[in-house]
Amino acid sequence: MNSKKILSCGESSKETTLSLKLLLFMKSITSQHLALAIGCFLTSPLHADDLMIADFEGESYAPWTVSGEAFGSGPAHGPLAGQMNVEGFIGKGLVNSFNKGDDSTGTLTSPEFRIERKFISFLIGGGRNAEKLSLQLLVDGKVVRTSTGPNEQAGGSEALQQDAWDVAEFFGKSAIMRIIDEARGGWGHINVDHIVQTDTKPKGVLQNAERQFIASARYLHIPIKNGAPKRVLTLLVEGKEIVRNDVEIADGKADWWAPMDVSAWKGKPLTMRVDKLHEDSTGLSSIEQSDSLKEADDLYRESLRGQFHFSPRRGWNNDPNGMVFYNGEYHLFFQHNPYGWGWGNMHWGHAVSKDMVHWEELGDKLLPDTMGPMFSGSAVVDWNNTSGFGKDGNPPLVLIYTAAGNPTVQAIAYSTDGRSFTKYSGNPVLEQITGGNRDPKVFWHEDTQKWVMVLYVELQGKHTIHFFTSPNLREWALASVTEGIAGTAFLFECPDFFELPVDGDVTKKKWVLLGANSEYAVGTFDGRHFKPEQTKLTGHRGRGFYAPQTFSDIPAKDGRRIQIGWFQTETRGMSFNQSMTVPLELKLVSTTEGPSLTFSPVKELESLRGKSLGLESMTLKPGDKNPLDEFQVELLEIRTEIDPGDANEVVFNIRDSMIIYDAKKQELTVNGQRAPAPLRDGRLRLTIYCDRTGLEVFASDGLCYMPMPFSSKPENRRIFLETRGGSANVLKLQVHELRSAWTTK
Ligand code: FRU
């Protein structure tokens, strides 16, 4: 999985020259910037003649003096309550100003000491705020050196990093050190450890280290080390900044390689710039160019790759975005971090499929820009070319997204081939309402002949949905604001909104407004106002399902409403992380709670069926031989219909995942997660899909949908069915081995 070799600099002779230039360039920078050293080669050993200023290994800070609350009364021994894991300090203790959280403030001051070595080196972590969070050196009462932590935004890392000052000019003087925390709010704390006077020159760090390339292939491959300090990596084309990302760049051996598609600039000079790079780092020099992914031998066959759930080739995904049917293809865009295993650097990744089952990933289509990262949104086909973005009679495909900078605004982009996208020059199309406005879902409202945008807006701490209308997708006017139903907290982020017939009767249609956790409200809509008609209902009943969206523009003759959710399947050790659920067909059916959603796997998934087992109807009693003994596969679909008779429980064990139906309580439990699952006509109808990292279980004719990320040993293929407490009548039992949906080229 991990990188096997450290690479040479370039491929062509032109590049070799450029690489040499880079080395020279790096050298010149090294001498200029040696004073500031930051890197991840932490634990630099204490040299014989080093002098320890403070190792913070005692019970109290003495002889340092403390004021305020932030530092507590003595050194911390790792993370404090509510803090992410703190690592990279030496020994047991460290200074940690997260005592009482980010809002507390304080100061820690050393006794006087004499400067007797050329350098002072130390470990530092926490927030980046040179003014309010700093370690300072004072000589003659003046601050002569300062350092702050590395983190500026949500996410980040609590790992301490090495830093150092050149203090030769103060040799022989008396000095004090001070650690201040005057910051409140996110990353309002500082961590420090292991302050040492030394004559051993600390490793230098290059500021704005650069490497030049001539774009000769499709990708530049960036070495990633999960958990390494985040560096700002900027791509410049012909000297102009194109995109900036926060990247956990590997200084040495990479965990995986993130491809950056530079095909748009073939033949042009490119510069990769890193804000800070350790002088020994191979982060830039190991970047290679090639036309295919690196280390792709097992692409789509990796041990934790869902075989019929979409996941990105490399990097992280969260929400599905811009789901639309256009020119005979289903398009699935998605929140993508191409350069990290975790969330960040939001791009819109893009994949297409003819059947929603076999996907081809095409690369990132919306890149972060000066308006911010590209947050979630939707897509529509503008059949009447109201936007004017159409060309030669081709209706444009329009993406509507949140540009999550400051301000956070709504913007659009368009395409007439479903492949290349242009951001509208008049963006944004909707100014910020509050900083918490995002995730526009747009659709064409036939009756009023207007576009409608459904937008999540956090308004004075409340979750609201704002409705806007537009004649052309470019100009939007507020139509109404929906705050909640009968006092219940309302739907949170990533709204979806669509109309569905009730019980299949097209003369009885209702509108469904759905939030990110798949709770929803059913009601009426006149093109401007949504009126909920019943209390909020629960959508899925499992875990790890979020921010679902439905396809726009599925042809009327098909008429299905099909949803895909973000499936939070964690894939540690892989070069990708997370995935999407299978496509789910949604319907509204009457229940005692009013019209309710049902979820079922789309019929297209049947194309994956391989060898099958169909069992005659049978009575199953406790202690009977497992009817599925002979069927041992990794990927499977089970469909069964059972009359529970006098059994208390009907139990499937699928590769160590327990699916238990309690017939008395009419409740389904999947790996410990319980949900109501009423019998329908006295029958339990159950559909189970099992992939490498997730199960999806459907019961009660789709009223109970339980997605469930799981991990199973690949070699464990045992499945069994049993009853407990009595016998049940198994009326139908079909088991299908499923093929992988990935066709690798
Ligand atoms: C939901 C969400 C959205 C936002 C996106 C950012 O998972 O928080 O509200 O647009 O993710 O990646």
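Model, not experiment: these values are computed from the prediction. Both ligands and their constituent atoms are indexed starting at 1 by order of listing.
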Quiz item: Taking N or O atoms only and a 3.5 Å limit, does W343 qualify as a polar contact for ligand 1?
Solution: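 Yes: some nitrogen or oxygen of W343 is under 3.5 Å from one in ligand 1.
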Quiz item: If you measure every N/O of Q335 against every N/O of ligand 1, is any gap under 3.5 Å?
Solution: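 Right, the criterion is met.
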What are the atoms of ligand 1, with element, lying closer than 4.0 Å to any heavy atom of [X]?
X	result
M346	12 (O)
W566	7 (O)
R438	3 (C), 4 (C), 9 (O), 10 (O)
S376	5 (C), 10 (O)
Y546	1 (C), 7 (O)

Exercise. Answer yes or no for Y456: is there a heavy-atom contact with ligand 1 below 4.0 Å?
Key: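 False for this residue.
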Self-check item: Residue from Y401, F310, W348 passing ring pair (Phe, Tyr, Trp, His ring centres under 6.0 Å) with F334
Solution: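 It is F310, the one option of Y401, F310, W348 that forms the ring pair (Phe, Tyr, Trp, His ring centres under 6.0 Å) with F334.
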Practice problem: Let me know which of F545, F567, W359 forms a ring pair (Phe, Tyr, Trp, His ring centres under 6.0 Å) with H309. | Solution: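 Among F545, F567, W359, the one that satisfies the ring pair (Phe, Tyr, Trp, His ring centres under 6.0 Å) with H309 is F567.
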Quiz item: Between E458 and R438, is the closest basic N to carboxylate O distance under 4.0 Å?
Solution: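 Answer for the salt bridge query: no.
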Self-check item: Backbone of T524 reached by a side-chain donor or acceptor of E499 within 3.5 Å
Solution: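 The answer is no, because no donor-acceptor pair under 3.5 Å joins these two groups.
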Quiz item: Only one of H350, H336, K365, Q335 forms a side-chain hydrogen bond (donor to acceptor under 3.5 Å, both in side chains) with N321, so which one is it?
Solution: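 It is Q335; the other options fail the test.
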Quiz item: For atom 5 (C) of ligand 1, which protein heavy atom lies nearest, and how many Å away is it?
Solution: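 Ranking protein heavy atoms by distance from atom 5 (C) of ligand 1, first comes D319 OD2, 3.4 Å.
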Quiz item: What residue and atom, counting heavy atoms only, is the protein's closest point to atom 4 (C) of ligand 1, and at what distance?
Solution: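 Looking at atom 4 (C) of ligand 1, the protein heavy atom closest to it is D439 OD1, 3.5 Å.
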Quiz item: Does NZ or CZ of R305 lie under 6.0 Å from the centre of the six-membered ring of F576, at an angle within 45° of the ring axis?
Solution: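 Positive - R305 is close enough to the ring of F576 and near enough to its axis.
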Quiz item: Can W566 and Q578 be counted as having a side-chain donor-acceptor contact under 3.5 angstrom?
Solution: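 Short answer, yes.
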Practice problem: Please state which part of C494 comes within less than 4.0 Å of ligand 1, counting heavy atoms only: side chain, backbone, both or neither. | Solution: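 Under 4.0 Å from ligand 1, C494 contributes side-chain atoms alone.
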Quiz item: Taking the minimum heavy-atom distance to atom 8 (O) of ligand 1, which of E493, H336, H347, M374 ranks first?
Solution: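 The option holding the nearest heavy atom is E493.
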Quiz item: Is any side-chain heavy atom of H189 closer than 4.5 Å to a side-chain heavy atom of Q83?
Solution: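 The answer is yes; the side chains approach within 4.5 Å.
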